[in-house]
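Inspection log for the structure reproduced underneath, given as structure tokens.
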Amino acid sequence: MYIYNTLKKNKELLVPINLNKLKIYVCGSTVYDYCHIGHGRNMFIFYFFYKYLKHRGYILKYIRNITDIDKKIIKKSIKTNENTKNLTQRIINSIHKDEKKLGLLAPDCEPKVSDYKNIIIYYINKLLKNDFAYIKKGNVFFKIKTHKLYGMLSNQTIKNLNFFLSKKFSRYKKYKLDFSLWKKSQYKFGWASPWSVGFPGWHIECSVLSKIYLGNKFDIHGGGLDLIFPHHENEKAQSELLFCKPHVNLWVHSGHLNVNNKKMSKSLHNTILVRYIIIKYNNEVINFFFLITHYRKSINFTIDQLDIVLNLLNHILYKIICITPKRQKYNNVFYNQIILALENDFNTVKAISILFNLLYKTKKAFKLGKIKKSQSLCFELIRLGKILGILKSLKKFKPQILFNINKVGSLILKRNIYKKETNFLQSDKLRISLTVFDILIQDTIKRTFWLNR
RNA sequence: GGCUGGAUGGCAGAAUGGUUAUGCAGCGGAUUGCAAAUCCGUUAAAAUCGGUUCAAUUCCGAUUCCAGCCUCCA
């Protein structure tokens, strides 16, 4: 298995620290607003890795933190007059709901920062004791210069960073690139600490939580591309001075989801929420949409693309329904090809193209009257689809109870009687009436199929 | 200003130092009460300029353009 390592800027062979065990840490959300489809992609990508690696026989421990204390959360709670605990819990619940609707499982553990405040304070103290940090007016700052390799991950030199940051930085900092470990609260709300009533800095929480759950060193650290600098760079500096050097084997970053070629983000006000998009497109459509672009690349989100993907899935499922999959014996030719593709830095795009080759072979066998062969290939199609997270359940493609299923059946029967009587006027009327409910009718020689559009 | 990616047919999007993926759309045909779907066949590509090489879309360099990061971000 080869995975691209942001630190080395190269694909690297995955060598677990401990035999066949893998420890994965992914930076989660700051919980002050609903998940958009960009977050959805991120969750999908790391869940996909998790699921695939598990399939390959690794025993995994997958942790994703929840930042439930932050300036933004406080600001929002003041604005909406909702206490922070209610607000964060409400958002956490909504994220879990969205995740489930996307067909993803939550990580093994999702620690909340607020549950670990004492340990965070303990480690900030440790940094202070070792002279890696200093106190100024109730704030604690990390001394960036104590970490010799600072900037390695994002490939920045201190000199260049300095140049750009020359205008804006806190007047309390001794050196302008130093960053906060503890911030004194400007609000009434905050946690008690030896330095002030305040909050931990953003970066220290990930250093501490990963240490608690995964130990001094772990295999994979993931997150969105936008976290490389400063978040991961700073986290790396702290963890390496506190725990282990290096503390992470592979740094993995997922690409963004764009709208009109601009990053989808709350600050740009161009978000499309998971909870809305999932009403119209089921999770397999959205998963398929994610799979057709490599995880490190950005995707430009359009409804047209979702529609294309929806039609593709319908097309595959239509075939599966026609052929009726039956397991004969495993044919590992296509399976091996898909594994080969995925072992190369999760090349899902290639894997999908292999799936289409298989579909083509299946159709061809069916057409040539090799029914047994086509059924076996069809079974293979479903088996491989499952690895990718699609074609999981044929049921899902039946109408989402917008319309009574039995009623659809009886209307189709009625229509077929009209057709036999060559009363096309009536039969077309019925077809049109079903289109209103997004139900598409397809006549074949054998029988009439219908799909939920 | 620095850093990181990227530019592939009409669109989406991989791999690859020689054979040019895959999907959608298009085009031609078959099938059909009409649709839709399906089936068979098929066109079409490498931002620009150099270099290396027998051979470059692929490697190297320069230029142009796009996106991201350097404030909060997944």
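Each chain gets a letter, A, B and so on, in the order the sequences are listed, and its residues count up from 1.
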*With sequence neighbours left out, what residues match Y34(A) under side chain to side chain donor-acceptor pair (under 3.5 Å)?*
R90(A)
*asked:* In this structure, how many angstroms lie between the P atom of C24(B) and the CG atom of L313(A), rounded?
replied: 12 Å
_Between CD1 on residue I316(A) and OG1 on residue T362(A), distance to nearest 0.5 Å_ = 10.0 Å
*Assign the ring pair F218(A) / Y25(A) to parallel, tilted or perpendicular, where the plane angle (0 to 90°) is split at 30° and 60°.*
tilted
*asked:* Give me the distance, rounded to whole Å, that separates A12(B) from A25(B) when you measure between the P atoms they each carry.
replied: 15 Å
*Rounded distance [0.5 Å steps], CD1 in I339(A) versus CG in N332(A)*: 9.5 Å
_Just to verify, what does E240(A) make a side chain to side chain donor-acceptor pair (under 3.5 Å) with, not counting sequence neighbours?_
H147(A)
*asked:* Using a 4.0 Å heavy-atom cut-off to protein, can you give one letter per nucleotide of nucleotides 7-17 of chain B, 5' to 3': B if the base is in contact, S if only the sugar-phosphate is, - if neither?
replied: -----SSSS--
*asked:* Work out how far the C1' atom of A74(B) is from that of A15(B), and round it to whole angstrom.
replied: 28 Å
*Looking only at N and O atoms, is any donor in the side chain of D428(A) or the base of G33(B) less than 3.5 Å from an acceptor on the other one?*
yes
_Distance, rounded to the nearest Å, where F229(A) contributes CZ and C69(B) contributes P_ = 13 Å
*What interatomic distance, in whole Å, is found between P of G51(B) and the corresponding atom of U57(B)?*
14 Å
_Could you work out, with side chain to side chain donor-acceptor pair (under 3.5 Å) as the rule, every residue matching E233(A), not counting sequence neighbours?_
S154(A)
*asked:* I'd like the P distance from G26(B) over to C65(B), given in whole Å.
replied: 36 Å
*How is K263(A) classified with respect to the nucleic acid when contacts are heavy atoms under 4.0 Å: base, sugar-phosphate, or nothing?*
base
*Could you check whether S154(A) gets within reach of a base, just the sugar-phosphate, or nothing at all, counting any heavy atom under 4.0 Å?*
sugar-phosphate
*Under 4.0 Å between any heavy atoms, over every strand shown, what does G28(A) touch: base, sugar-phosphate, or nothing? Just pick one.*
sugar-phosphate
*Could you tell me which residues satisfy side chain to side chain contact (heavy atoms under 4.5 Å, CB included) with K117(A), sequence neighbours excluded, listed by chain and number?*
W191(A)
*Would you indicate what M264(A) reaches in the nucleic acid, counting non-hydrogen atoms under 4.0 angstrom: base, sugar-phosphate, or nothing?*
base
*asked:* Check this one for me: any side-chain N or O of N258(A) less than 4.0 Å away from OP1 or OP2 of A67(B)?
replied: no
*U63(B) to A55(B) separation - P atoms, rounded to the nearest Å*: 26 Å
*Closest heavy-atom pair and its distance - H36(A), S265(A)*: NE2-CA, 4.1 Å
_Full working for side chain to side chain contact (heavy atoms under 4.5 Å, CB included) between I204(A) and F142(A)_ = CA-CA 10 Å; I204(A) 190 73; F142(A) 181 84; over 6 Å; no
*In chain order, what residues pass the side chain to side chain contact (heavy atoms under 4.5 Å, CB included) check against K9(A), with sequence neighbours excluded?*
Y4(A), N155(A)
*What integer distance in Å separates I316(A):CD1 from G23(B):C1'?*
10 Å
*Quick one: label F424(A) by what it contacts on the DNA or RNA (base, sugar-phosphate, nothing), any heavy atom closer than 4.0 Å.*
base
*Once you round it to whole Å, what is the distance between P of C24(B) and CG of D307(A)?*
15 Å
*Could you list the residues that satisfy salt bridge (charged side-chain N to carboxylate O under 4.0 Å, His left out) with D115(A), not counting sequence neighbours?*
none
*Under the side chain to side chain contact (heavy atoms under 4.5 Å, CB included) test, which residues partner E12(A), sequence neighbours left out?*
N5(A), K8(A), L250(A)
*How would you label the contact of C27(A) with the nucleic acid (heavy atoms, under 4.0 Å): base, sugar-phosphate, or nothing?*
sugar-phosphate
*Can you tell me, in whole Å, how much space there is between the C1' of G61(B) and that of G23(B)?*
35 Å
_Phosphate OP1/OP2 of C39(B): any K363(A) side-chain N/O under 4.0 Å_ = yes
*May I ask you to check whether F49(A) and F46(A) place their ring centers less than 6.0 Å from one another?*
yes
*For K72(A), answer base if it contacts any base atom (sugar-phosphate contacts may also be present), sugar-phosphate if it contacts only those atoms, and nothing otherwise; contact means non-hydrogen atoms under 4.0 Å.*
base
*asked:* For a quick check under 3.5 Å, do N270(A) and K263(A) share a side-chain donor-acceptor pair by atom type?
replied: no
_Base-contact (B) and sugar-phosphate-only (S) positions in nucleotides 42-48 of chain B, heavy-atom cut-off under 4.0 Å, - elsewhere_ = -------
*Choose from U22(B), C39(B), A74(B) the nucleotide whose nearest atom is closest to any side-chain atom of S29(A).*
A74(B)
*How long is the line joining NE2 of H256(A) and P of C72(B), in whole Å?*
14 Å
*Looking across every strand, which nucleic acid part, if any, lies under 4.0 Å from L257(A) by heavy atom: base, sugar-phosphate, or nothing?*
base
*Quick one: is the NZ or CZ of K145(A) closer than 6.0 Å to the six-membered ring centre of Y175(A), and within 45° of its axis?*
yes
*Name the stems with RNA chain B in them: runs of three or more consecutive Watson-Crick or G-U pairs, distances under 3.5 Å?*
B:1-7 with B:64-70, B:10-12 with B:22-24, B:26-30 with B:38-42, B:47-51 with B:59-63
_Length of the line joining L177(A):CG and C70(B):C1', which is rounded to integer Å_ = 10 Å
*Name every residue in residues 231-239 of chain A that has at least one heavy atom under 4.0 Å from any atom of RNA chain B, in order of residue number, or write none if there are no such residues.*
none
*Gap in Å between the two P atoms, one belonging to A14(B) and one to A37(B), rounded*: 27 Å
*Name all residues meeting the side chain to side chain donor-acceptor pair (under 3.5 Å) criterion together with D108(A); count only those two or more places apart in sequence or in a different chain, and write none if there are none.*
Y50(A)
_Proximal nucleotide (of A21(B), C34(B), C70(B)) relative to the R431(A) side chain_ = C34(B)
*For nucleotides A47(B) and U58(B), find the distance between their C1' atoms and express it as a whole number of Å.*
16 Å
*Could you tell me the separation between the CG atom of N287(A) and the CZ atom of F44(A), rounded to the nearest 0.5 Å?*
4.5 Å
*Send over the distance from K367(A) NZ to C39(B) C1', rounded to a whole Å.*
5 Å
*For the pair made of OH in Y34(A) and C1' in A74(B), what is the distance, rounded to whole Å?*
19 Å
